[in-house]
Amino acid sequence: MNSALDKQVISLLNEQIWLENNASFYYLYLSNQFGENGYNGISKFFLEQSNEEREHMLKIMEYMLDQDSQPLIPNYNFMEDLDEEFDILSHFQNSLYNERQVTESINKIVTKCKEINDVNTENFMQWFVIEQREEETKFKSIIDDLKIIGDSGSGLYELNKQLGTLPTEE
Ligand code: FEO
């Protein structure tokens, strides 16, 4: 394909696709974990997160195709290696860690675009910059709440209920 995109940008966008897919599978895994442990509200929250990450992956793929570039479909399933012990706080902390890695990768793409003056891709990535800020804030505030709640059953009951009724993002 004769792409409008720089080779390094293509490679970074493909890495980003891999990360979004990875996040989608991780959140699906957590959705199951919470569901199996009776936290149906939190399970629903992570299912929604998983769907959003898949949307992010598809958004990048669509952009690359529009630019006559070849998006790579991730074929490595990390889930075979994943076996986290069920721990509510740790799952949210790992999710935040995951989001921060995604943010770092997005920043890398933006930096590269600035360096080579790829204004189109830089503009396209701005949506992700804003999205990441919102995602990190969301996880951070749930972690803060969980620290206050501690082992309180009624606190977890409320959080489970609250996260199960969050409006779906467009
Ligand atoms: Fe699409 Fe939350 O990274």
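Indexing begins at 1, ligand by ligand and atom by atom, following the structure's order.
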Asker: Looking at the rings of Phe92 and Phe46, which for Trp means the six-membered one, are their centres under 6.0 Å apart?
Answerer: yes

Asker: Among residues at least two apart in sequence or on other chains, which ones pass salt bridge (Lys or Arg N to Asp or Glu O under 4.0 Å) with Asp144?
Answerer: Lys140

Asker: Only counting residues at least two apart or in another chain, list the ones meeting ring pair (Phe, Tyr, Trp, His ring centres under 6.0 Å) with Tyr63.
Answerer: Phe124

Asker: Report the residue from Lys108, Glu135, Glu131, Glu136 that forms a side-chain hydrogen bond (donor to acceptor under 3.5 Å, both in side chains) with Thr103.
Answerer: Glu136

Asker: Can you spot which of Arg54, Lys59, Glu53 makes a side-chain hydrogen bond (donor to acceptor under 3.5 Å, both in side chains) with His56?
Answerer: Glu53

Asker: Please report the number of protein N, O or S atoms that lie less than 2.8 Å from atom 1 (Fe) of ligand 1.
Answerer: 3

Asker: Run the side chain to side chain donor-acceptor pair (under 3.5 Å) test against Glu99 and tell me which residues pass, sequence neighbours left out.
Answerer: Tyr27, Gln132

